[in-house]
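See structure below.
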Amino acid sequence: MINIVLFGKPGAGKGTQAEFLKDKYNLVHLSTGDIFRFNIKNDTELGKLAKTFMDKGDLVPDEVTIKMLQSEVDNNPRAAGFLFDGFPRTIAQAAALDAFLLTKNQKITATVAIEAADEVLVKRLLERGKTSGRVDDQDEEKIRNRYQEYNEKTAPLMDFYKAQNNFYTVDGIGSIDEVTERLSLVLDTL
Ligand code: B4P
């Protein structure tokens with residue numbers, strides 16, 4: 001069983017690449033962003049709560065996110081492995097994920113970061129905002145806030161995973177196919 005964390009700044013291409021990797025490696029794809037957006041669309045209590053944070057570009061509180069992720073893992077008992085996309089985003093989430101997987105005699109096999117410069121990514125998100133309807137993609141100030149959240153709360157995770165000797169990076173600039181190819185080169189070694 002392999003469990004992969006896809007890591008990267010907002011817009012780095014985690015969701016885009018996960019669509020290809022999940023089929024290629026037979027992994028269950030869990031995107032916390034997608035799960036929140038599904039709940040917002042269906043106007044659930046979780047969705048209403050998440051929306052107040054996401055629309056501003058803030059992270060949703062850890063206790064809500066961790067509980068939600070754990071229940072998604074539990075809903076897939078036959079999974080051959082998981083592709084975590086957009087989770088963990090804080091040290092508390094990463095520690096909770098490790099502890100939770102340990103109760104199932106499992107662990108994170110590798111964390112793979114997709115790297116790209118902020119200026120390229122801001123342009124990508126503003127471009128997506130023209131058609132996606134995503135409030136958090138439409139306003140440069142909110143996008144900048146997402147990068148601030150990333151720098152403060154998510155970037156420290158790189159050292160957390162480097163200390164576990166399972167951290168890899170790939171260049172996220174290039175065509176979607178080129179980035180998939182780079183990620184595959186890493187996953188094929190695991
Ligand atoms: P997410 O849904 O995780 O989204 P993301 O960071 O915007 O994007 P991703 O990296 O997946 O980019 P994508 O492939 O879509 O998070 C949204 C919000 O949800 C967060 O801000 C937070 O509020 C909340 N949230 C989610 N998880 C949370 C957690 N664990 N804890 C707390 N809060 C959480 O690509 C972006 C764009 O680039 C697309 O338009 C794509 O087409 C384009 N693109 C991709 N690859 C490209 C390439 N190689 N070249 C050119 N364009 C490319």
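Each ligand, and each atom within it, is numbered from 1 in the order the structure gives.
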Taking 4.0 angstrom as the limit and counting only heavy atoms of Arg37, give me the atoms of ligand 1 inside it, by number and element. 2 (O), 17 (C)
Regarding Asp85 and Gln17, do their side chains bring together a donor and an acceptor under 3.5 Å, going by distance alone? no
Between Arg124 (side chain only) and Gly11 (backbone N and O only), is there a donor and an acceptor less than 3.5 Å apart? yes
Under 3.5 Å between any N/O of Gly13 and any N/O of ligand 1: does that happen in this structure? yes
Within ligand 1, which atoms have a heavy atom of Gly33 less than 4.0 Å away? 2 (O), 26 (C), 27 (N)
Side chains of Tyr150 and Asn145: is there a donor and an acceptor less than 3.5 Å apart? no
Hey, is Glu127 one of the residues with a heavy atom under 4.0 angstrom from ligand 1? no
Which of these, Lys56, Gln93, Arg146, has its nearest heavy atom closest to atom 31 (N) of ligand 1? Gln93
NZ of Lys24: more than 12 outside heavy atoms within 6.0 angstrom? yes
Answer yes or no for Gln17: is there a heavy-atom contact with ligand 1 below 4.0 Å? no
Using a 4.0 Å cut-off to any heavy atom of Gly174, which atoms of ligand 1 qualify? 48 (C), 49 (N), 50 (N)
Option with minimal heavy-atom separation from atom 33 (N) of ligand 1, where the choices are Asp58, Val60, Leu97, Ile40: Val60
Would you mind running through ligand 1 and noting each atom that sits below 4.0 Å from a heavy atom of Thr65? 29 (C), 30 (N), 31 (N), 32 (C)
Give the ring-plane orientation class for Phe167 versus Phe7, where under 30° counts as parallel, over 60° as perpendicular and anything between as tilted. perpendicular
Residue, atom and distance of the protein heavy atom nearest atom 43 (C) of ligand 1 read Arg124 CD, 3.9 Å
Do Thr90 and Asp62 meet the criterion of a side-chain donor-acceptor pair at a distance under 3.5 Å? yes
Heavy-atom count around Lys104 NZ within 6.0 Å, excluding the residue itself: above 12? yes
Polar proximity ligand 1 side, Ser31 side, N/O cut 3.5 Å exclusive: no
Would you check the N or O atoms of Gly57, main chain and side chain alike, for any that come under 3.5 Å of an N or O of ligand 1? no
Shortest non-hydrogen pair, Pro88 vs Ala94, comes out as CB-N, 3.4 Å
Contact atoms of ligand 1, heavy-atom distance to Ala12 under 4.0 Å: 10 (O)
Pull out every atom of ligand 1 sitting under 4.0 Å from any heavy atom of Thr32, numbered as shown with elements. 26 (C), 27 (N), 28 (C), 29 (C), 30 (N)
What part of Leu59, side chain from CB on, backbone N/CA/C/O, both or neither, has a heavy atom under 4.0 Å from ligand 1? both
Would you mind running through ligand 1 and noting each atom that sits below 4.0 Å from a heavy atom of Lys9? 10 (O)
Can you establish whether the number of heavy atoms outside Lys48 located under 6.0 Å from its atom NZ is more than 12? yes
Enumerated ligand 1 atoms positioned under 4.0 Å from heavy atoms of Gly15: 9 (P), 11 (O), 14 (O)
Who gets closest to atom 1 (P) of ligand 1 by heavy atom: Arg89, Met54, Lys14? Arg89
